[in-house]
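In what follows, every chain begins at residue 1, and chains take the letters A, B, ... in the order their sequences are listed. Note that the structure is a prediction, hence the values are computed from the model and not measured. FYI, side chains are in, hydrogens and waters are out, and symmetry mates aren't considered; it's all heavy atoms of this structure.
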Protein chains: 2
Amino acid sequence: MAVSKKEISACPIDAMLSVIDGRWKGTILWRLSEGPMRTSELHRTIPGITQRMLIRHLHELVQDGILERHQERSTPPCVRYSISKYGLTLLPVLEEICTWGRKHLALQAAG
Amino acid sequence: MAVSKKEISACPIDAMLSVIDGRWKGTILWRLSEGPMRTSELHRTIPGITQRMLIRHLHELVQDGILERHQERSTPPCVRYSISKYGLTLLPVLEEICTWGRKHLALQAAG
DNA sequence: CAGTATCCACATCGATACTG
DNA sequence: CAGTATCGATGTGGATACTG
């Protein structure tokens, strides 16, 4: 869109959507809601995602305060991502979204 | 995105987001939650939206069953849009999204 | 392993002009 | 007034190769 959702927007709905908007962010949060994970682990368990998009989305989520990045200084490097305390406040909302979405899919299937 | 959110997706979150995704859909639903409105009325009260995008989003929302379109056969034509019974089930979720978004904006403003 | 750099494809959106 | 058609801009994501 011409006005990127990344811009500062006065609309609270857009503000929230901008955080979870992105092809894979929902899936990423879903996986991480089960516990911290390494980058490569996420990469393996999310079919179809490219490394570029994975890293990109992870960093954006960190930027927004939703995720935390823990790096163990070692060779080769080991980075773990987890949902931050702030990110936890997002999960109930995602649940609601998911619930509605499930019903919507069921209705679509029914015709 | 390459895989359009309009595609049939097995992910409930994407399913819900695809319904409200679109530069202006949040705002449109917001306005219509206060009551039915004519196309021109919406056009006037949503600053910056073009006629094309307004109509486009309205029709998509009708397609998804969220809105209802009432046409009075007259010259010139008079069309009113309102939130459908099904669309009403979406509003509480939008409220949740909005609430979280408001807090998020407040935090951003705080730094 | 984690992350970056390029390059490209495509969907969405905006501007404008037009129709019934 | 409600809606369509056309065209161009651009943002987002994908493929691939590369670095520390």
Discussion item. Could you go through B:Thr27 and A:Ile13, starting from their C-alpha distance and side-chain angles, then the distance that decides it, and tell me whether this counts as side-chain contact (heavy atoms from CB on, under 4.5 Å)?
Written reply: CA-CA 9 Å; B:Thr27 312; A:Ile13 293 181; over 6 Å; no
Fill in: Evaluation steps, side-chain contact (heavy atoms from CB on, under 4.5 Å), between A:Glu60 and A:Ile66
CA-CA 9 Å; A:Glu60 283 176 10; A:Ile66 309 301; over 6 Å; no
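Using a 4.5 Å cut-off on side-chain heavy atoms (C-beta onward), A:Ile20 and A:Ile97 make contact. The shortest side-chain heavy-atom distance between A:Thr39 and A:Leu42 does not fall under the 4.5 Å cut-off. Considering only heavy atoms from C-beta on, B:Arg80 comes within 4.5 Å of B:Glu72 through its side chain. A 4.5 Å side-chain heavy-atom check between B:Thr99 and A:Met16 finds every atom pair outside the cut-off. Between B:Thr89 and A:Lys103, the closest side-chain pair of non-hydrogen atoms is not below 4.5 Å. Between B:Trp24 and B:Leu54, every side-chain heavy-atom pair lies at or beyond the 4.5 Å cut-off.
For B:Tyr81, a side-chain nitrogen or oxygen approaches OP1 or OP2 of D:dG3 to under 4.0 Å.
Between A:Tyr86 and B:His104, the two ring planes are parallel [angle under 30°; tilted spans 30° to 60°].
Rounded to whole Å, the distance from CZ on B:Arg73 to P on C:dG20 is 15 Å. Put simply, CD1 on A:Ile28 is 13 Å from C1' on D:dG13, counting in whole angstrom units. A:Glu72 has its CD atom 13 Å from the P atom of C:dG3, to the nearest Å. In this structure, A:Gln63 atom CD and C:dG3 atom C1' are separated by 15 Å, rounded to whole Å. Between the CG atom of A:Asp14 and the P atom of C:dC13 there is a distance of 12 Å, rounded to whole Å. The NE2 atom of B:His59 sits 8 Å away from the C1' atom of D:dA2 (whole-angstrom rounding). Nucleotide D:dC1 holds its C1' atom 12 Å from the CZ atom of B:Arg69, rounded to whole Å. When rounded to the nearest whole Å, the span between CG of A:Asp21 and C1' of C:dA11 equals 14 Å.
Listed nucleotides: D:dG13, C:dC13, C:dG20. Nearest to the side chain of B:Pro77: C:dG20. Residue A:Trp24 has its side chain nearest to D:dG14 when only D:dG14, C:dG14, C:dC1 are considered.
Comparing the axis of the opening five pairs of the helix from C:dC1-D:dG20 to C:dG20-D:dC1 with that of the closing five pairs yields an angle of 40°, rounded to 10°.
Panel note: side chain B:Arg31, backbone B:Ile46; no donor-acceptor pair is recorded below 3.5 Å.
Within residues 43-56 of chain A, the residues that place at least one heavy atom under 4.0 Å from DNA chain C are, in residue-number order, A:Gln51, A:Arg52, A:Ile55. A heavy atom closer than 4.0 Å to some atom of DNA chain D occurs in B:Arg38, B:Thr39, B:Ser40, these being the qualifying members of residues 31-40 of chain B.
Taken from CG in B:Leu61 to CZ in B:Arg56, the straight-line distance is 12.5 Å, to the nearest 0.5 Å.
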